[in-house]
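So that the names make sense, note that chain A is the first sequence line, chain B the second, and so on, each numbered from 1. For clarity, every value in this text was computed on a predicted model and none was experimentally measured.
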Amino acid sequence: GIQVEQSPPDLILQEGANSTLRCNFSDSVNNLQWFHQNPWGQLINLFYIPSGTKQNGRLSATTVATERYSLLYISSSQTTDSGVYFCAVDTNAGGTSYGKLTFGQGTILTVHP
Amino acid sequence: NAGVTQTPKFRVLKTGQSMTLLCAQDMNHEYMYWYRQDPGMGLRLIHYSVGEGTTAKGEVPDGYNVSRLKKQNFLLGLESAAPSQTSVYFCASTGQANTEAFFGQGTRLTVV
């Protein structure tokens, strides 16, 4: 099956700093999503981005499908950005996938005041 | 707009007991999924459904059964709970296969 690798595994920032999280995947994808899991365990949709670039406030994401990676940018980080960021992909490489997502291991982000 | 709702939010079971987790979505989505999340890991797919009356196995189906009798509901059953099934369970739904998935708030299950 498809492999999804996220880096870095851990990231510690001071409030106001910028950061880039990376997601590499081993095969072509027809769906890629970024999620934020907050300290209460809730999964929050950030971006649905199988290709191209999107921005939402201080967050933006870029997926370069041909090179099999996606980047999540967080600017002017805040303490509320703390949590785990997951990349998840869906691939048709082995036939119809029915929207089944394969998750990376996540990046644990800690933002200090 | 409730989205995806899971019941219950927390549960403690004794080894060998059975239980059913309920997932309900109000978005008229065709596809529904059950995932589990273990400490320090991403989510892994247990079972999924591509429409009312259909179910299929995911990556880690052993020890679980599912049913999709109504389009809006997807049930996950544990017939004989084991400590290895201690986990956080997430339900998700999508309208079509290649569209955005929406997740419930999770169910934290502890088997002692």
Any link between [X] and [Y] through a network of hydrophobic side chains (Ile, Leu, Val, Met, Phe, Trp, Tyr) touching at under 4.5 Å?
X: B:L75; Y: B:V4; result: no
X: B:L45; Y: B:F90; result: yes
X: A:L72; Y: A:L32; result: yes
X: A:V4; Y: A:Y69; result: no
X: A:L46; Y: A:F86; result: no

Practice item. With a 4.5 angstrom heavy-atom cut-off, could you sort out which part of B:V88 is near chain A: side chain, backbone, both or neither? Key: neither

**Study point:** B:L43, part contacting chain A, at a heavy-atom distance under 4.5 Å
**Key:** both

**Study point:** Under 4.5 Å from any heavy atom of chain B - which part of A:F47
**Key:** neither

Practice item. Please look at A:L101 and chain B and tell me whether the side chain, the backbone, both or neither of the residue comes under 4.5 angstrom of a heavy atom of that chain. Key: both

At a cut-off of 3.5 Å, what donor and acceptor atoms pair up between chain A and chain B?
{"from": "A:N31", "atom 1": "ND2", "to": "B:T99", "atom 2": "O", "distance (Å)": "3.4"}
{"from": "A:Q33", "atom 1": "OE1", "to": "B:A101", "atom 2": "N", "distance (Å)": "2.7"}
{"from": "A:Q33", "atom 1": "NE2", "to": "B:A101", "atom 2": "O", "distance (Å)": "3.4"}
{"from": "A:Q37", "atom 1": "OE1", "to": "B:Q37", "atom 2": "NE2", "distance (Å)": "2.9"}
{"from": "A:Q37", "atom 1": "NE2", "to": "B:Q37", "atom 2": "OE1", "distance (Å)": "2.9"}
{"from": "A:N45", "atom 1": "ND2", "to": "B:E100", "atom 2": "OE2", "distance (Å)": "2.8"}
{"from": "A:N45", "atom 1": "ND2", "to": "B:A101", "atom 2": "O", "distance (Å)": "2.8"}
{"from": "A:Y48", "atom 1": "OH", "to": "B:N98", "atom 2": "O", "distance (Å)": "2.3"}
{"from": "A:Y98", "atom 1": "O", "to": "B:Y33", "atom 2": "OH", "distance (Å)": "2.7"}
{"from": "A:L101", "atom 1": "N", "to": "B:Y35", "atom 2": "OH", "distance (Å)": "3.1"}

